[in-house]
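Reviewing the structure listed below.
Keep in mind it's a predicted model, so treat the numbers as computed, not measured. The figures here come from the full heavy-atom set of this structure, side chains too, leaving out hydrogens, waters and symmetry mates.
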Amino acid sequence: MAILVTGAAGFIGYHVAEALLARGEEVLGVDELNSYYDVRLKEARLERLARHSAFGFHRLDIAEREAVASLMAAHPEVDRIVHLAAQAGVRHSLTHPYAYVSANVMGHLVILETARNMRNLQHLVYASSSSVYGGDTVLPFSEADRVDTPLSLYAATKRADELMSHAYGHLFGIPQTGLRFFTVYGPWGRPDMAYYAFARAIAAGEPITLYDVGKPRRDFTYIDDVVAGVLGSLDRPPTGELPLRILNLGNHRSEPVGDLMRLLEEALGRKAVIRHAPRPRADVEETCASVERIAALTGYAPTTPLAVGIPRFVAWFRTWHGIA
């Protein structure tokens, strides 16, 4: 038996695939290796995964249904799917909207059709996002909250994924878990994320735009905690007449972006050059995850506060960028 991991060259996909391989699973990874950020980072992640004999990789676009169908026909041993491939980035969706509909909506539909046609499917776990909570001001965000007021196209596509999954669960009984990720960070992270961009600017002595004087707060979730939540969920497929669930996957701790900046300065040993600006309309003021549901299901208990995770990220960052 094997696990299909889409987005295997991505930040979360790489770490999830590595953890699955470490526990003896066979992993079939797919990724299109697009140029949204430096492809060399994606290739380096894949090189590390390729050291495992149980890892196989195919470069393809999950929105191309014939390519995905051909791949799955050649790998009948796949019985679980961890679907993490997506076009990420809230602000990027303002300027490249079609990429989000293709990757996030059509891509998700292709994976749902793939799951529908698998006779031995045990579980489909897919990536949603805390962005679906939109302008919700009641904290912490709960899976029971209404999520029909997205503030970005990215958020709207992720909510569309949840709704399509509900329809396929209702119609075809496909066991599925949607995970709403909250601001994931750590080594081998995405360069477009704020913490990574801040680190590069601080190291280079370049100015950083800080919104609302660093007051916006985020539920920063360290990658190791996220991987534990993904694997714990994967191992416990939902059952019953409607085998569906949505779970928050966060740190259950809301911390100011200003604190993130301070920790980066301390770890890098340099002061940031800061320019202040109002918070963009597409950005929410605060996020914080209720994690009671995933804790009850899997024993999930995040253990990495920002003050511990940022120095770990910076240690990797220095090595990757050759900074003494």
Side-chain angles (χ1 to χ4, degrees), residues 4-13 16 30-37 42 60-65 67-68 81-116 124-136 141 143 145-171 174 176-184 190 192-194 218-219 221 226 230 233 244-250 280-284 287 289:
L4 173 67
V5 177
T6 73
F11 173 35
I12 300 176
V16 167
V30 300
D31 201 295
E32 69 167 333
L33 296 175
N34 69 27
S35 58
Y36 173 59
Y37 62 80
K42 300 177 183 182
L60 59 82
D61 181 352
I62 59 163
E64 296 294 336
R65 59 183 184 272
V68 174
I81 301 174
V82 181
H83 174 39
L84 302 172
Q87 178 58 61
V90 169
R91 295 193 190 105
H92 191 67
S93 68
L94 299 175
T95 55
H96 296 76
Y98 297 107
Y100 288 78
V101 175
S102 176
N104 299 1
V105 180
M106 179 58 77
H108 192 68
L109 178 60
V110 169
I111 294 301
L112 286 172
E113 279 292 303
T114 297
R116 174 188 176 186
L124 164 59
V125 174
Y126 67 90
S128 185
S129 168
S130 62
S131 295
V132 301
Y133 288 106
D136 195 351
F141 295 158
E143 296 92 340
D145 294 345
R146 291 189 62 174
V147 285
D148 53 6
T149 55
L151 299 185
S152 67
L153 178 64
Y154 168 69
T157 62
K158 284 301 183 180
R159 181 56 179 153
D161 291 347
E162 295 179 350
L163 295 173
M164 288 192 294
S165 280
H166 187 280
Y168 269 67
H170 169 73
L171 292 169
I174 300 171
Q176 298 174 72
T177 298
L179 297 174
R180 292 174 176 169
F181 295 122
F182 281 70
T183 316
V184 186
R190 281 173 30 207
D192 65 304
M193 294 288 285
R218 295 290 180 269
D219 193 337
T221 314
V226 168
V230 173
S233 301
L244 295 168
R245 62 178 173 232
I246 290 176
L247 302 172
N248 286 338
L249 190 41
R281 289 177 59 86
D283 284 16
V284 300
T287 65

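For the side chain to side chain donor-acceptor pair (under 3.5 Å) test, no residue two or more places apart in sequence or in another chain qualifies with R218. V110 is linked by a side-chain contact (heavy atoms from CB on, under 4.5 Å) to R65, V68, M106, T114, counting only residues two or more places apart in sequence or in another chain. Residues that satisfy the side-chain contact (heavy atoms from CB on, under 4.5 Å) test with S131, not counting sequence neighbours, are V90, S129, Y154, A155. Under the ring-ring contact (aromatic ring centres under 6.0 Å, His included) criterion, H83 pairs with H108, not counting sequence neighbours. Partners of E64 under the salt bridge (Lys or Arg N to Asp or Glu O under 4.0 Å) rule, at least two apart in sequence or in another chain, do not exist in this structure. Every side-chain contact (heavy atoms from CB on, under 4.5 Å) that A86 has, sequence neighbours left out, goes to N104, K158. Here D31 pairs with A9, L33, F57 under the side-chain contact (heavy atoms from CB on, under 4.5 Å) rule; sequence neighbours left out. Partners of E32 by salt bridge (Lys or Arg N to Asp or Glu O under 4.0 Å), not counting sequence neighbours: none found. Under the ring-ring contact (aromatic ring centres under 6.0 Å, His included) criterion, H166 pairs with no residue at all, not counting sequence neighbours. For Q87, there are no side chain to side chain donor-acceptor pair (under 3.5 Å) partners at least two apart in sequence or on another chain. Residues forming a side chain to side chain donor-acceptor pair (under 3.5 Å) with D192 (at least two apart in sequence, or on another chain): Y36, R190.
Once rounded to the nearest 0.5 Å, the distance linking CG of L112 with CG of L124 reads 6.5 Å. One finds the CG atom of L109 at 6.0 Å from the CD atom of E113 (value rounded to the nearest 0.5 Å). In this structure, OG1 on T287 lies 6.0 Å from CZ on F182, to the nearest 0.5 angstrom.
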Run the side chain to side chain contact (heavy atoms under 4.5 Å, CB included) check on D148 and R159 step by step: do they pass? CA-CA 8 Å; D148 53 6; R159 181 56 179 153; over 6 Å; no

Given L247 and T177, is the side chain to side chain contact (heavy atoms under 4.5 Å, CB included) satisfied, shown in steps? CA-CA 7 Å; L247 302 172; T177 298; 3.9 Å; yes

Please test S130 against R180 for side chain to side chain donor-acceptor pair (under 3.5 Å), starting from the C-alpha separation and ending with a verdict. CA-CA 5 Å; S130 62; R180 292 174 176 169; over 6 Å; no

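Between the Y100 side chain and the G89 main chain, a donor and an acceptor come within less than 3.5 Å of each other. No donor-acceptor pair closer than 3.5 Å links the side chain of S128 to the backbone N or O of G178.
Taking each heavy atom of L249 and T221 in turn, the nearest pair found is O-OG1, 4.2 Å. Annotation for L244 and H170: closest pair CD1-N, 4.5 Å, computed over non-hydrogen atoms. I62 and G107 get closest at one heavy-atom pair: CD1-CA, 3.7 Å. Annotation for A289 and G250: closest pair CB-CA, 3.9 Å, computed over non-hydrogen atoms.
For the pair D219/T183, no side-chain contact is recorded, criterion being any heavy-atom separation below 4.5 Å from C-beta on. S165 places a side-chain heavy atom less than 4.5 Å from the side chain of Q176. The closest side-chain heavy-atom distance from I111 to Y126 is not below 4.5 Å. Side-chain contact between F181 and L84 is present, with heavy atoms from C-beta onward closer than 4.5 Å.
Residues in residues 124-133 take part in no salt bridge (charged side-chain N to carboxylate O under 4.0 Å, His left out) pair, two or more places apart or across chains.
Of the residues D145, T149, N248, the one that meets the side-chain hydrogen bond (donor to acceptor under 3.5 Å, both in side chains) test with Y133 is N248.
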